[in-house]
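In what follows, every heavy atom counts, from backbone to side chain, and hydrogens, waters and symmetry copies are set aside. Since the structure is predicted, the reported quantities are computational estimates derived from the model, not experimental observations. First the proteins, then the strands, lettered A, B, ... as listed; each starts at 1.
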Amino acid sequence: MGFNPTSRRHYEIDEPELNLNPMMDLFGVLIPTMIMLSAAVEVSVINVVAPSIGGEPAPGTPPPKTDIPVNLTVTISDAGYTVTALGQVVAQLPLSERPIVCSRYRGTVPPPRSKNKDRPKCGEKEGQLKKTFLLYDNPALTAKVMDIKNEYPDERRVIVQPGPEVEYETIVDMLDAVRDVKSEKGGVKELFDEVVMSPGS
Amino acid sequence: MADDPFNTTTIDPGINNMPDPELFAEHPGHKRKHKKSKFENKKADISINSLLDVFSVLLVFLLKSYTNSTVTIKPSRDLTVPFSISQVDAEDSTCLTVTLKDIMLDDKPIITLENGKVAERDLSHGGMMIEPLLGSLQEEVQHQRRLEARNPKSAFKGIVTVISDRYVPSTVLMQIMYTAGLSEFSKFKFLLVKTER
């Protein structure tokens, strides 16, 4: 039988049709499961230790260092930060008036709220808007502890003494300022990442 | 004359006669093909390939954002967790949730706060120890010790993850840490919402 070019022209490729229904069923189960298991927000932690209050230390607790030369202490009050090292006040960092992006403070004002409570709040929809508030001088604090770190590169401990009315958010912001800093090369330089919380005066 | 277009003598006189109907009759034994209706018995063939593509992308995205951390922040009107640039991941441990209204141990309410502070009647040790919390934490320690005795892999580490509202005063945090310290919990992890530097 001779080759018929017409049949080639009209030849239809019979594609095998895959049955995708089982796969769809699998996806239908997997996706709701993953949505339920996935965290709504990404979380991180800051490790903190409390000062020893007598009695035997908990198992696994390293023995306290006896040769701490610096005793870097940051006291937080509604007036600002006081940085103490080697038993001496090395810096007083008062509040400073600066603009800040509202995205972190929607519906409220940034700390210290006792000082900013009379100012207009950041709106719920003012994500990228900048407003001026009285703020803790975290950049200056970072610069100061960097100086101390350069002088005592092996020291890692910082003692935090918040005042009684200081809010948790203030403590966290302060810890972010002293724990590490972004280096010029793009990496992260550790500063004082061993945090000890101590009751303030 | 042959070129005369009006010469009607050359035209077949039977040209306008009706054709013989027999010519169109069906041959015996021949079954007429019924043209099927356009929509008759046509199986609906929905292409789900595009949907499958969407699902694949969605699944990859969810797998990427999936975290195996058991410590999560449960959304609540009273709990606004501060942001932090810390990149340290959370680990499974006892959770203390602190809001201006109450303190919860692993989602179980332990004590109700009054105006964001622990009531005087619940305090001892010079206003530093929260008595109801101490009892609950000690029970938790005993429970974890029992688990440790049965399964050495689940060793008691003395870690408490603190999930606190941004407005909670440091006094309450100190009281919690002091109380936890008395209950053999010596390490604390402040759980925060991770943000970019």
Checklist entry - Counting only N and O atoms by type, is there a donor-acceptor contact under 3.5 Å from the side chain of B:Ser86 to the main-chain atoms of A:Ser44? => result no
Checklist outcome for this item: Of A:Val166, A:Ile46, A:Asn21, A:Asp180, the largest count of non-hydrogen pairs under 4.5 angstrom with chain B goes to A:Ile46
Checklist outcome for this item: d(B:Arg166 CZ, A:Asp173 CG) to nearest 0.5 Å is 9.0 Å
Checklist entry - At what distance, to the nearest 0.5 angstrom, does OG of A:Ser103 lie from CZ of B:Phe83? => result 7.0 Å
Next on the checklist: Can you tell me which portion of A:Asp193 sits under 4.5 Å from chain B's heavy atoms? Options are side chain, backbone, both or neither.
Outcome noted: neither
Checklist entry - Pick from B:Ile159, B:Thr195, B:Val98, B:Ile85: which one has the most heavy-atom pairs with chain A under 4.5 Å? => result B:Ile85
Next on the checklist: Under 4.5 Å from any heavy atom of chain B, what part of A:Val172 do you find: side chain, backbone, both or neither?
Outcome noted: side chain
Next on the checklist: Are there over 12 heavy-atom neighbours, none belonging to A:Gln88, within less than 6.0 Å of that residue's CD?
Outcome noted: no
Next on the checklist: Counting only non-hydrogen atoms closer than 4.5 Å, does B:Leu173 touch chain A with its backbone (N, CA, C, O), its side chain (CB onward), both, or neither?
Outcome noted: side chain
Next on the checklist: Please classify the contact of B:Ser56 with chain A as side chain, backbone, both or neither, using a heavy-atom distance under 4.5 Å.
Outcome noted: both
Next on the checklist: Nearest 0.5 angstrom please: B:Leu100 CG to A:Glu167 CD, how far?
Outcome noted: 8.5 Å
Item to check | Closest-packed option against chain B by number of heavy-atom pairs under 4.5 Å, given A:Val188, A:Leu175, A:Val195 | outcome: A:Val188
Next on the checklist: To check you understand the geometry: which heavy-atom pair defines the closest contact between A:Val43 and B:Ala90, and what is its length?
Outcome noted: CG2-CB, 4.5 Å
Item to check | Any donor-acceptor pair under 3.5 Å from A:Asn47 side chain to B:Lys189 backbone | outcome: no
Checklist entry - Counting only heavy atoms not in B:Lys117, do more than 12 sit closer than 6.0 Å to its NZ atom? => result no
Checklist entry - Does the side chain of A:Leu30 reach to within under 4.5 Å of the side chain of B:Leu59, using non-hydrogen atoms? => result yes
Checklist entry - What part of A:Ile171 lies closer than 4.5 angstrom to a heavy atom of chain B: side chain, backbone, both or neither? => result side chain
